[in-house]
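Structure first, commentary second.
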Amino acid sequence: MVLGNLMKILNGEILLNKKYGENLYKMEIFSPYICKNALPGQFVNIKCCYEGMLDPLLRRPFGIYEIDKRFNVFTILYLIKGKGTLFLSKLKKGEILNFIGPLGNAIKIVTGAENYLLVGGGIGVAPLCLIARYLTDLQKNVYFMAGFKDELFFSWENDLIKIVRNYRIFTENGSFGEKGLPTNFIREHIDQYKKFNFICCGPREMLKALQDILQGKNIAAIALMEEMMACGIGVCMGCVIKIKEGNNAFTYKRVCSDGPAFNLMEVIFD
Amino acid sequence: MVLGNLMKILNGEILLNKKYGENLYKMEIFSPYICKNALPGQFVNIKCCYEGMLDPLLRRPFGIYEIDKRFNVFTILYLIKGKGTLFLSKLKKGEILNFIGPLGNAIKIVTGAENYLLVGGGIGVAPLCLIARYLTDLQKNVYFMAGFKDELFFSWENDLIKIVRNYRIFTENGSFGEKGLPTNFIREHIDQYKKFNFICCGPREMLKALQDILQGKNIAAIALMEEMMACGIGVCMGCVIKIKEGNNAFTYKRVCSDGPAFNLMEVIFD
Amino acid sequence: MTENISESAPDLSINLGRIKLKNPVITCSGTFASGIEYNQFYNISNLGAVTTKSFSLNKRLGNSPPRLCETAGGMLNAIGLANEGIYYFINEQLPVLKNLQVSIILSIFGEDNNEFLRIAKEVNSIKDDIVAVEMNLSCPNVDKGGIAFCSMPDHVESLINSVREILDIPLIAKLSPNNDNFIETAAKARNGGAEAISLVNTVIGTAIDIDNFKPKLGNIFGGLSGPAIKPIALAKVMQLARENILPIIGMGGIFYWQDAVEFMIAGASAVGIGTLNFVEVDAGEKILEGISNYLLEKNINNLGEIIGKVFKKW
Amino acid sequence: MTENISESAPDLSINLGRIKLKNPVITCSGTFASGIEYNQFYNISNLGAVTTKSFSLNKRLGNSPPRLCETAGGMLNAIGLANEGIYYFINEQLPVLKNLQVSIILSIFGEDNNEFLRIAKEVNSIKDDIVAVEMNLSCPNVDKGGIAFCSMPDHVESLINSVREILDIPLIAKLSPNNDNFIETAAKARNGGAEAISLVNTVIGTAIDIDNFKPKLGNIFGGLSGPAIKPIALAKVMQLARENILPIIGMGGIFYWQDAVEFMIAGASAVGIGTLNFVEVDAGEKILEGISNYLLEKNINNLGEIIGKVFKKW
Ligand SMILES: Cc1cc2nc3c(=O)[nH]c(=O)nc-3n(C[C@H](O)[C@H](O)[C@H](O)COP(=O)(O)OP(=O)(O)OC[C@H]3O[C@@H](n4cnc5c(N)ncnc54)[C@H](O)[C@@H]3O)c2cc1C
Ligand SMILES: Cc1cc2nc3c(=O)[nH]c(=O)nc-3n(C[C@H](O)[C@H](O)[C@H](O)COP(=O)(O)OP(=O)(O)OC[C@H]3O[C@@H](n4cnc5c(N)ncnc54)[C@H](O)[C@@H]3O)c2cc1C
Ligand SMILES: Cc1cc2nc3c(=O)[nH]c(=O)nc-3n(C[C@H](O)[C@H](O)[C@H](O)COP(=O)(O)O)c2cc1C
Ligand SMILES: Cc1cc2nc3c(=O)[nH]c(=O)nc-3n(C[C@H](O)[C@H](O)[C@H](O)COP(=O)(O)O)c2cc1C
Ligand code: FES
Ligand code: FES
C-alpha cells in the first residue's frame, strides 16, 4: 500500500470540460505532478469556488479517471450533484483549477492474482477505469461490469472500449446495454467468478448486495468507499466508516487516508 | 418626488459586459421594464452570485448609468471592489442577471432652475451621467465636473461627450484631464456658479468639501449618498445617514427609500 | 392510491395554541417592516402571518450608523430597534393592512415593564384586528442594567402575566439564542400565559475594520442573522421542542424551503422568514410553495405529520 | 523615516503569560492532528505553535458516522473526540515533532477530573518537550451528567488547580461559546492557575435530512466551525478581552489574514487557525505572511501595538 505522502496543493489549467450527458461531465486538467505521482485508486480534492469565495466552503473529492503521461493530463469524470459540481461544470477551458493530490492509497495488487472483475455502479465506474487501465497494462485479465439507471452514461462507453475488451453494461430501464442489475447477473453466475478478484465502487446498496453474494465464498473483494470529507488528508477524523475488527467488534477507519479502498467483506453497512 | 413603488424583481439578459479600464466595467442589460419605469437618480439592487449560492449573501446596489429606450437596454458602470463586483465582471454576454428595481427616488427637478453643475468623484460619475442626459433633454444648461485619482476613467470620456458639451475632468496625478481636484477648482471659482444647482456624487471627502464651500452661499445642492444596504426597499432601517432636523437636532434617513438624493446642506458627516 | 388523493392540496393550516394560521409561513420581526412594501411583490395576505417590526410606545431613532455589515453566510445588524412608535402603527399602517386582509402578529417591546404595559393598553383597542402580539424579549431591560429581558426567566413570567391582564389576545414570547437558560425561560413564559415561543432572535456578533481599528458597527456589537446561524437556530429549536413546553415558531437563517421543512421536522409548528426577505423579496410565497410541493410529493396530508418528526426517528 | 526602518521585519513574538511564542499563529486543536501530515505542505516549525488534537488517557473510537455536514459558511462536526490516547502521542508522535522542532501545545481532555489528573501525570514526564497544555473544557463531564466542564466555573477552578499541582507547565483553558458565563469561567480559570484562555470552541448546531427525517449527524448535535461563526467568536473574544482577565488565543472562523488581525485588534494575543486547515492546507504559513505584511505596511513594529487596540478607539 502506497501512502499518500506525495500530496501537494496544485494548480492546473483546465484543458477540456466536456458534457458527456445530462449531468455528466469530463474534465481534463494539466498536471505533470499528478501524472507522475498518482496511482490508481487515488483521488484529488478540488476547490469548487473562485478564490475569495466561501461557498461551497469545503473541497470536493473526485477519483482520478484517466492519466495521460504523454500530455501530462489527468481526467475526472463527474456528475452534477449540488453546488460544488455545478460550479465545476461552468468552468471553461483555460481556467485554473486548485486541488490537492494525489490523496488516499493506491489500490493494492496481490501478486499471483490474474483475473479481475470490476463492478461499477453509476459514477462509481470513474475510478475503476483507471484501475482497469493499470491492470490491463500489467497484462491481467480484466472484466468490467457497469450498472446504470438509464442511458446517461451512453457516451462513456467510448472511453471504456479503449480500456477493456470484456465488459457488460446494464441499465435498470434497459435503455442502454442489458436490462437489469449487474449484481443480479453476478449472483446468478457467481460460479464463473470464483477465481476472480473483485474490485467495486458504487452506491451503498450495490456494495451491500455484493457483500451478501460473496459471503462465505472466499473470494477477495475490494470496495472503494465514499464518505463526506472535510480535510481529505486524514487529520479531521470526519470521513470514517465502520470496519470489522476481530469477533463482533469494530473500529472506525478513515476513507481518505486509510482507504478509499477497503476489504469489502470487512465493511459494516448499518 | 417619485416613490419607488414600481419596483419589481426582474431578470434581464446581459448584452454587453465590457472592460473600460483596470477595474472598471460597463454592463448593458436588456430590460423593457426598467427602461420604461426608471428615472434618473434611481438604482437597481443586483444579485451577485449564481442561484443556490450564498456568497455574497446580500444584493449590491448600482446606480443606473444609461437608459436606451430604443433597444430596451439599461447600463451600469461599475468598479470591482470586492467579491460581488468581481462576480459581475466575470459574467458573459447572454447570461441572465437578477435584480430589483427601479429603487430609490428620482432626482427632483425644481421648475425654474436652468443651470446645473454636476460634480462627480470616481465611480460617482455613473448616476450623474443619466441625470445629465435627462437635464439636457429638458434643455437645461448642464456643466459636468469629474474628478479621478488617475487615468482609469480615460475611456469613459467617450461616453460623456455624447451627453454633455461642457465638462472638465481632473485627476489627482494629472494623468488625464487637468491636474487637481474639482472641489479646489470650484472653491476658487465659486462666484461663477452662484446661479447653478449643484448635483453631486462621490466620496465622502468630496461631498464634505462641497458642503464647506457652499456653506452660507444659498446655493441649492443635492447629494447622491451611498451606504451599505441590506434590503434596498426601505424596510430594514439599515442604510441610514444623519440628517439635520430643526435646530441642532437630527434624524436618520434611509438612503435607499428616503434618498439616495438628499439636500447636501442637511447631511451630517461625522 | 388514486391520483385524486395524492394530488389534493395538502392542509397547511396550523395552530399555535389559540392562534390559528392558514399556513406556517410567517415573516420575522424587523425584516418585513409592516409588510406594505412587500405587497408590491406578492399578495402578502397569502402568508400565514406577517410579524411587524417591533414597536415601542414612542418613536425611536435607533443606533448611529453604520448599522449593517455583511459576514460569511450572514449579516450583522445594529438597527437599535428604530421604529415609528405604536401610534403610527395603529393609525397609519393598520388600516392599510386590514384592507389587505393580512393576518398580523404585532411585535412590541419596551425598555421596562411599564413601557410594555402601556403599549399593551394601546393595543387592547385594536386587538380584534391582529391575531397575536409577539413580545420581543431580547431587548435590553433598562430597569435591570440593560440585561435582556429573556435572560431572567422569573421576570419573564411576571411580565407576561401582567401584559395578559391588560391584553386578552394570544401572546408569543420571542427569545434570544444568546442565553443558556432559554428552555427555563420558555417554561416561565408558558406559566405567565404565553401561547407560543418564537426562536431565535439574532446571535450576538461583531466585526472590526482593520484599517481604522474600530468596530464596523456604530453600536460595536450587532445581531447575526442569515444562513450562517441556521445550524445554531435549528439546534435550539430542537432542544426546546424536545421539552414540549409550547408550540414554536422556528426561525434563523431560513433561505430555502428545505430549511423551513428542517425546522418543522425539528419541532417548529411554524417558521419565520427573516434576512431572506432582503435578498429575495418574494421569498414568503416561494417558501410556502416549496413546503406545499414537498408535502404533495411525500404524500403527506397535513403538517402535523412532520412537525417534530425527528423525535420519532431519533 | 528611512527605508531601512519601515522595511525591517516586524517583531511577531508574543507572550501568553509565561508562554513565549515566536509568532501568534497557532493551529486549533482537532483541525491539525499533531501536525505531521501538514509538514508535507510547509515547515510547521514556522508556526507560533501547533495545538494537537485533544488526547484522552486511552484510545477513543468517537461517534458513529456521519460525523460531518457542510453548512452555509461553515461545517458541523461530531467527531466525538476520537483519538489514539496520550501514550500514542508520547511514544509515536512526540519524537517526530521534536525532530521537526515544533512548538507544541498539547490538548487534553478527560471524562472526569480523575482522567484529567491521570493524563497530567503522564504528561509530566514530557513537560520539557511542550510549551503548554491546553485543557479542552468543552467536553462533557460524565460525573456531572454530561454537562460541559466549562459551564461550571467553580469546578473549573478546582480542576485546573489540581492539574497544576501535578504538572508544572503553563496551562491554557479552552472555553466554549455555548455558555453565558464564559467570563466568570475565565476568571475562575485564572484563579485556578491558568496562563491563558483559548476562545472559542465550536458552537452547538444541527442539521436534518428532510428525506428520512433524521439528523444528518450520527450524534444528532454537532459543533459549528468556520467563517459562519467568526462574528460570534470575535464578539466573545472582545467581551472577554475587555475584562482583562488572562491573555487570549482567539479563534473561530479565521479564513483570511484580515480575520486574524481582527481578532488581535479585538484583544487576542494569538490566533488559532482551525477549519481553514482543511480547505487551504498551507493556511498557517499564509496567515502568518499576511499578518506580517500588514504590520509592515502599517509601519507597526510589534504586535503589542495592535492587540486590544479596539478599546482605545471604542
Ligand atoms: C473518495 C471519493 C471519490 C469520489 N469520486 C467521484 C468521482 O470520480 N466523480 C464524481 O462525480 N463524484 C465523486 N465523488 C463524489 C463527489 O465528491 C460528490 O458528488 C461531490 O462532493 C458533491 O458536491 P456538490 O457540492 O456538487 O454537492 P453537495 O451540494 O455538497 O451535495 C449534493 C449531494 O451529494 C452528497 N455529497 C456531498 N459531498 C459528498 C462527498 N464528499 N462524498 C459523497 N457524497 C457527497 C450530499 O450528501 C448530497 O446528497 C467522490 C467522493 C469521494 C469521497
Ligand atoms: C445607491 C448606491 C448606488 C451605487 N452605484 C454604484 C455604481 O453605479 N457603480 C459602482 O461601481 N458602485 C456603486 N455603488 C457601490 C457598490 O454598491 C459597491 O461598490 C458594491 O456593493 C461593492 O460590492 P463588492 O461585493 O464588490 O464589495 P465588498 O466585498 O462587499 O466590499 C468592498 C468594499 O466596498 C464597500 N461596500 C460594500 N457594499 C457597499 C455598499 N452597498 N455601498 C457602498 N459601499 C459598499 C465595503 O465597505 C468594502 O470597503 C453604489 C452604492 C449605492 C449604495
Ligand atoms: C435588520 C434586522 C432587524 C431586526 N429587527 C427585529 C425586531 O425589531 N424585533 C425582533 O424581535 N427581531 C428582530 N430581528 C430578528 C429577526 O426577527 C429574526 O429573529 C432573526 O433575524 C433570525 O432570522 P433570520 O436569520 O432568518 O433573519 C431583526 C433582524 C434583522 C436582520
Ligand atoms: C473537525 C474538528 C475537530 C475538532 N476537535 C477539537 C478537539 O479535539 N479539541 C478542541 O479543543 N477543539 C476541537 N475543535 C474545535 C477547534 O479547535 C476550534 O476551536 C473551532 O473549530 C473554531 O475554530 P474554526 O472556526 O477556525 O475551526 C475541533 C474542530 C473541528 C472542526
Ligand atoms: S476527511 Fe478528514 S480524516 Fe478523512
Ligand atoms: S437598505 Fe434596508 S432600509 Fe435601506
Side-chain angles (χ1 to χ4, degrees), chain A residues 9 11-30 45-62 76 78-100 123 152 228-232, chain B residues 9 11-30 45-62 76 78-100 123 152 228-232:
Chain A
I9 320 189
N11 285 308
E13 188 183 333
I14 295 168
L15 300 181
L16 181 103
N17 195 12
K18 196 179 152 177
K19 199 167 180 161
Y20 254 44
E22 174 68 7
N23 300 311
L24 184 64
Y25 284 76
K26 175 165 146 171
M27 185 189 278
E28 292 185 2
I29 304 123
F30 180 76
N45 212 359
I46 301 180
K47 184 117 183 259
C48 295
C49 57
Y50 286 119
E51 227 196 294
M53 297 290 186
L54 300 170
D55 191 21
L57 192 74
L58 301 171
R59 289 172 183 267
R60 302 290 192 248
F62 297 89
I76 61 169
Y78 65 98
L79 275 178
I80 299 183
K81 278 287 187 70
K83 49 192 175 183
T85 45
L86 184 66
F87 174 86
L88 288 185
S89 73
K90 289 190 174 161
L91 291 173
K92 307 246 153 43
K93 183 176 146 80
E95 293 196 75
I96 303 297
L97 198 72
N98 179 277
F99 52 95
I100 301 171
I123 191 68
L152 174 63
M228 257 290 293
M229 290 184 181
C231 70
Chain B
I9 321 188
N11 286 307
E13 189 181 333
I14 295 169
L15 300 182
L16 182 103
N17 194 12
K18 197 181 152 177
K19 199 168 180 160
Y20 254 44
E22 174 68 5
N23 300 310
L24 184 64
Y25 285 76
K26 175 165 145 173
M27 184 187 278
E28 292 185 0
I29 303 124
F30 180 76
N45 212 359
I46 301 181
K47 185 117 183 259
C48 295
C49 59
Y50 286 119
E51 228 197 292
M53 297 291 186
L54 299 171
D55 191 20
L57 192 73
L58 299 172
R59 289 171 183 267
R60 301 293 192 245
F62 296 89
I76 61 168
Y78 65 98
L79 275 178
I80 300 184
K81 280 285 188 75
K83 51 193 174 183
T85 44
L86 184 67
F87 174 85
L88 289 185
S89 73
K90 290 192 172 157
L91 290 174
K92 305 249 154 42
K93 184 175 143 83
E95 293 197 76
I96 302 298
L97 197 73
N98 180 276
F99 52 95
I100 300 171
I123 191 68
L152 174 63
M228 260 286 297
M229 292 185 179
C231 70

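In what follows, chains are A, B, ... by sequence order, proteins preceding strands, each numbered from 1.
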Heavy-atom side-chain contact between Leu88(A) and Met27(A) under 4.5 Å: yes
Side-chain heavy-atom pair Leu97(B), Leu91(B) within 4.5 angstrom cut-off: yes
Distance-minimising heavy-atom pair for Leu24(B) and Leu79(B): CD1-CD2, 3.9 Å
For the student: nearest non-hydrogen atoms of Pro56(A) and Cys49(A), plus distance: O-SG, 3.6 Å
Would you list the atom pairs in which one atom of chain A and one of chain B form a donor-acceptor pair under 3.5 Å?
| from | atom 1 | to | atom 2 | distance (Å) |
| --- | --- | --- | --- | --- |
| Leu54(A) | N | Asp55(B) | OD2 | 2.6 |
| Asp55(A) | OD2 | Leu54(B) | N | 2.7 |

Test side chain to side chain contact (heavy atoms under 4.5 Å, CB included) applied to Ile76(B) and Ile46(B), step by step: CA-CA 11 Å; Ile76(B) 61 168; Ile46(B) 301 181; 3.7 Å; yes
Side chain proximity check, Leu16(B) to Ile29(B), heavy atoms < 4.5 angstrom: no
